[in-house]
Amino acid sequence: MTAKISYDEVEVGTELPGQSFPVTRETLVRYAGASGDFNPIHWNEKFAKQVGLPDVIAHGMFTMASAIRVVTDWVGDPAAVAEYGVRFTKPVVVPNDDKGALIEVSAKVGAKLDDEARTVRVDLTAVSNDQKVLGRSRAVVRLA
């Protein structure tokens, strides 16, 4: 696979299509099984509250992985992501109801970095329950 987006056609400020990612308790159990992270703060409400959390919270790496999907879907090739980093600012609280939580992600091209390497910096914003859950979320992406 190669990137489907052309470096020459992208401008600073270009907005990527935003996405929303639902998260339920079932999602967390499945992620725990896939990742091997069975920390009870991600599935046991009683334990999460005993350690001072408002409720069960999503895995940070799950939140991070959900957010980068906006970039990989836009560019058309996950291998085009050369760098990716975030700061975890707030947890994604996942109530035990029929709705769960929602991670809403938006992104835009923050800078054109290197004409020769055809790289751009994409700045992402991830919000859940009206709170920013990832800070300084940035990806360096190689374009076509």
Side-chain angles (χ1 to χ4, degrees), residues 1-7 9-113 117-144:
M1 291 174 61
T2 58
K4 297 177 183 175
I5 304 296
S6 170
Y7 178 84
E9 295 174 7
V10 171
E11 300 294 331
V12 171
T14 297
E15 293 188 19
L16 284 60
Q19 294 186 49
S20 296
F21 303 97
V23 187
T24 64
R25 296 283 178 95
E26 179 183 357
T27 308
L28 300 181
V29 170
R30 288 177 184 271
Y31 183 82
S35 69
D37 181 353
F38 293 101
N39 187 323
I41 64 172
H42 303 303
W43 57 270
N44 184 318
E45 185 173 329
K46 180 180 175 186
F47 183 85
K49 289 181 177 182
Q50 283 177 339
V51 298
L53 295 168
D55 207 330
V56 166
I57 63 170
H59 302 73
M61 295 305 288
F62 174 84
T63 304
M64 187 177 177
S66 297
I68 196 65
R69 286 180 53 193
V70 168
V71 176
T72 59
D73 287 355
W74 171 70
V75 76
D77 180 6
V81 178
E83 296 176 32
Y84 178 45
V86 306
R87 290 192 178 145
F88 300 105
T89 56
K90 297 279 184 188
V92 175
V93 178
V94 183
N96 190 18
D97 60 16
D98 293 334
K99 294 177 11 180
L102 194 63
I103 302 169
E104 299 173 278
V105 183
S106 59
K108 67 179 177 180
V109 174
K112 292 184 98 168
L113 301 176
R118 304 180 74 78
T119 55
V120 298
R121 187 190 78 229
V122 177
D123 301 330
L124 296 98
T125 301
V127 175
S128 183
N129 200 26
D130 296 323
Q131 293 190 325
K132 193 172 178 183
V133 295
L134 298 177
R136 201 166 165 87
S137 183
R138 295 180 172 176
V140 174
V141 184
R142 287 186 194 97
L143 301 180

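Residues Ile68 and Ala139 come closest through the heavy atom pair CD1-CB, 3.8 Å. Of all non-hydrogen atoms in Ala107 and Leu124, the two that sit nearest each other are CB-CG, 4.0 Å. Pairing each heavy atom of Asp97 with each of Lys99, the nearest pair is OD1-N, 2.9 Å. Scanning both residues, Phe88 and Gly60, for their nearest heavy atoms gives CE2-O, 3.1 Å. The two residues Ser128 and Ala101 have their closest heavy-atom pair at OG-CB, 4.2 Å. Across every non-hydrogen atom of Val133 and Val127, the tightest pair is CG2-N, 4.2 Å.
Val93 places none of its side-chain heavy atoms less than 4.5 Å from the side chain of Asn129. At least one side-chain heavy atom of Trp74 sits under 4.5 Å from a side-chain heavy atom of Val122. Residues Leu16 and Val109 are in side-chain contact: their nearest non-hydrogen atoms beyond the backbone lie under 4.5 Å apart. Side-chain contact check for Thr14 versus Glu11: some heavy-atom pair is nearer than 4.5 Å.
The aromatic rings of His42 and His59 sit parallel to each other, their planes meeting at less than 30°, with 60° as the upper class boundary.
Note that CG of Asn44 and CD of Gln50 are 7.5 Å apart. Values are rounded to the nearest 0.5 Å. Between atom OG of residue Ser137 and atom CE of residue Met64 there is a gap of 7.0 Å, rounded to the nearest 0.5 Å. Distance check: Phe21 CZ to Ile103 CD1 gives 8.0 Å after rounding to the nearest 0.5 Å. Taken to the nearest 0.5 Å, the CG atom of Leu28 stands 11.5 Å off from the CG atom of Asn39. Interatomic distance, Lys108 NZ to Arg121 CZ, rounded to the nearest 0.5 Å: 9.5 Å. We find the OG1-CD distance between Thr89 and Gln131 to be 8.5 Å, quoted to the nearest 0.5 Å.
For NZ of Lys112, the number of neighbouring non-hydrogen atoms (other residues, nucleotides, ligands) closer than 6.0 Å is greater than 12.
Remark: the backbone N or O of Ala58 is not paired with any side-chain donor or acceptor of Tyr31 at under 3.5 angstrom. A donor-acceptor contact shorter than 3.5 Å is absent between the side chain of Thr119 and the backbone of Leu113. The backbone N or O of Asp77 sits nowhere less than 3.5 Å from a side-chain atom of Thr72 that would complete a donor-acceptor pair. A donor-acceptor distance shorter than 3.5 angstrom exists from the side chain of Trp43 to the backbone of Phe38, with no hydrogens or angles considered. Distance alone, capped at 3.5 Å, places no donor-acceptor pair between the Arg118 side chain and the Arg142 backbone.
Inspection of the Glu45 and Asn96 side chains reveals no N or O donor paired with an N or O acceptor under 3.5 Å. Under the 3.5 Å distance criterion, with hydrogens and angles disregarded, a donor-acceptor pair is assigned to the side chains of Thr27 and Thr24.
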